[in-house]
Amino acid sequence: MTPATPTTPAPPATPARFDGHSVLITAAGQGIGAATAHRLAAEGASVLVTDLDAERAQDTAAAIREAGGAAESLACDVADRAAVEAAVVHAVAVFGGLDVLVNNAYAAGQDAPLFEDETDDVWQRDLDITLSGPFRCARAALPHLAASGRGAIVTIGSVNGEQDFGGHAYSAAKAGLASLTRTLAGHAGPRGVRVNLVAPGTVRTDAWSGRDAELERLAALYPLGRVGTPEDIAAAVAFLASSDAAWITGTTLRVDGGILAVNTGFRRAMEGRG
Ligand SMILES: NC(=O)c1ccc[n+]([C@@H]2O[C@H](COP(=O)([O-])OP(=O)(O)OC[C@H]3O[C@@H](n4cnc5c(N)ncnc54)[C@H](O)[C@@H]3O)[C@@H](O)[C@H]2O)c1
């Protein structure tokens with residue numbers, strides 16, 4: 001019997017969108033940062049994996065190399081201007097330039113039960129790591145990204161920047177990142193650098209370890225019926241960092257299973273489902 005002639009050609013293999021690109025990513029020792037480092041390396045990038053925790057950064061870089069990718073690691077605390085500048089210099093020295101910066105580090109202190117008991121320490125630390133960290137990294141990286149001719153910054157925000165999910169300081173910092181993304185896009189666009197923000201909903205990472213029951217309850221609120229994976233976020237970062245997003249800058253891409261768009265609680269109440 002003659003085999004049927006296929007009517008549609010097979011889709012082309014995913015192109016290696018980051019061949020010859022150099023990437024610096026913060027807080028990539030685990031979670032979304034590690035998944036993003038793996039994704040970009042799998043698409044051809046040379047990645048400088050940085051993290052506050054040197055060992056974690058080394059582990060991610062080693063795993064990337066084991067998978068056949070190119071990666072180096074360096075300890076970097078995004079609260080430390082000198083460390084951030086050293087990381088950028090290191091990436092440029094080792095890879096010969098810098099094409100992509102992924103700002104992923106954050107701090108999220110616990111809210112006090114009463115707002116009037118909130119401490120300056122939590123407020124200042126959350127803002128310093130979550131909002132000022134990306135500022136420091138972008139400031140150090142921008143001249144090199146501009147020199148690359150295809151520079152891109154992708155910062156990890158959060159749905160907390162757009163709606164109340166708790167976390168006063170963390171949420172304020174994430175909202176601030178949307179503004180920084182816009183003002184920096186305005187400044188960097190004429191220099192050939194695009195700047196975008198990804199706003200994830202709940203993502204199962206070590207940040208949620210030991211809270212499986214809570215994640216299950218939260219999953220039920222998501223229109224798509226599950227919480228996110230680090231790989232869901234990595235795919236969006238890769239898109240925004242790539243030339244597929246060549247005419248996208250200053251924007252926030254929600255990668256949130258629909259939680260910000262759909263008021264699940266309201267719909268259930270309307271339908272009498274509590
Ligand atoms: N997991 C979620 O549900 C979720 C939801 C929305 C947004 N996000 C955002 O995604 C990003 C990554 O979150 P995650 O859950 O993958 O993180 P995670 O908690 O699993 O890992 C965080 C990493 O950051 C490193 N780190 C901490 N402080 C640092 C500093 N000062 N400098 C450099 N590195 C530092 C830690 O060593 C750790 O390796 C964050 O920006 C977070 O706000 C996460």
Under 6.0 Å from the [atom1] atom of [X], do we count more than 12 heavy atoms belonging to anything else shown?
X    : atom1 : answer
E216 : CD    : no
R267 : CZ    : no
E55  : CD    : no

Among residues at least two apart in sequence or on other chains, which ones pass side chain to side chain donor-acceptor pair (under 3.5 Å) with [X]?
X    : answer
D256 : none
Q30  : R56
R226 : D232
D206 : none

Identify whether V88 and V102 are in the same connected component of the hydrophobic contact network (ILVMFWY, side-chain heavy atoms under 4.5 Å).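 V88 does not cluster with V102.
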So, H21 versus R17: side-chain donor-acceptor pair below 3.5 Å or not?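 Absent: no donor and acceptor within the cut-off.
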Is a side-chain donor-acceptor pair under 3.5 Å present for Y222 with T202?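 A pair is found: one side chain offers a donor N or O, the other an acceptor, under 3.5 Å apart.
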Of all the heavy-atom pairs spanning P223 and G258, show the shortest one and how long it is.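 Heavy atoms of P223 and G258 come nearest at CG-O, 3.6 Å.
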Would you name the heavy atoms of D19 and G44 that are closest together and state the gap between them?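 Scanning both residues completely, I find the closest heavy atoms to be OD1-CA, 3.5 Å.
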For the [atom1] atom of [X] and the [atom2] atom of [Y], what is their distance to the nearest 0.5 Å?
X    : Y    : atom1 : atom2 : answer
L142 : L184 : CG    : CG    : 6.0 Å
L101 : C137 : CG    : SG    : 6.0 Å
T130 : L177 : OG1   : CG    : 7.5 Å

Any side-chain to backbone donor/acceptor pair from D77 onto L52? Under 3.5 Å, distance only.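 Not confirmed, D77 side chain does not pair with L52 backbone.
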Any ion pair linking R136 and D80 (charged N to carboxylate O, less than 4.0 Å)?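 No salt bridge links D80 with R136.
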Among V237, I248, T252, L253, find the residue that satisfies the side chain to side chain contact (heavy atoms under 4.5 Å, CB included) test when tested with N196.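 Among V237, I248, T252, L253, the one that satisfies the side chain to side chain contact (heavy atoms under 4.5 Å, CB included) with N196 is I248.
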Kindly indicate whether the side chain of V159, heavy atoms from C-beta on, has any atom under 4.5 Å from the side chain of R254.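 Side chain of V159 against side chain of R254, heavy atoms only: no contact under 4.5 Å found.
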Salt bridge (Lys or Arg N to Asp or Glu O under 4.0 Å) partners of residues 85-99, not counting sequence neighbours, each pair once: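 Applying salt bridge (Lys or Arg N to Asp or Glu O under 4.0 Å) to every pair that reaches into residues 85-99, excluding sequence neighbours, yields R81-E85, D99-R150.
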So which pairs with a foot in residues 142-168 pass ring-ring contact (aromatic ring centres under 6.0 Å, His included), sequence neighbours left out?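 Applying ring-ring contact (aromatic ring centres under 6.0 Å, His included) to every pair that reaches into residues 142-168, excluding sequence neighbours, yields F115-H168.
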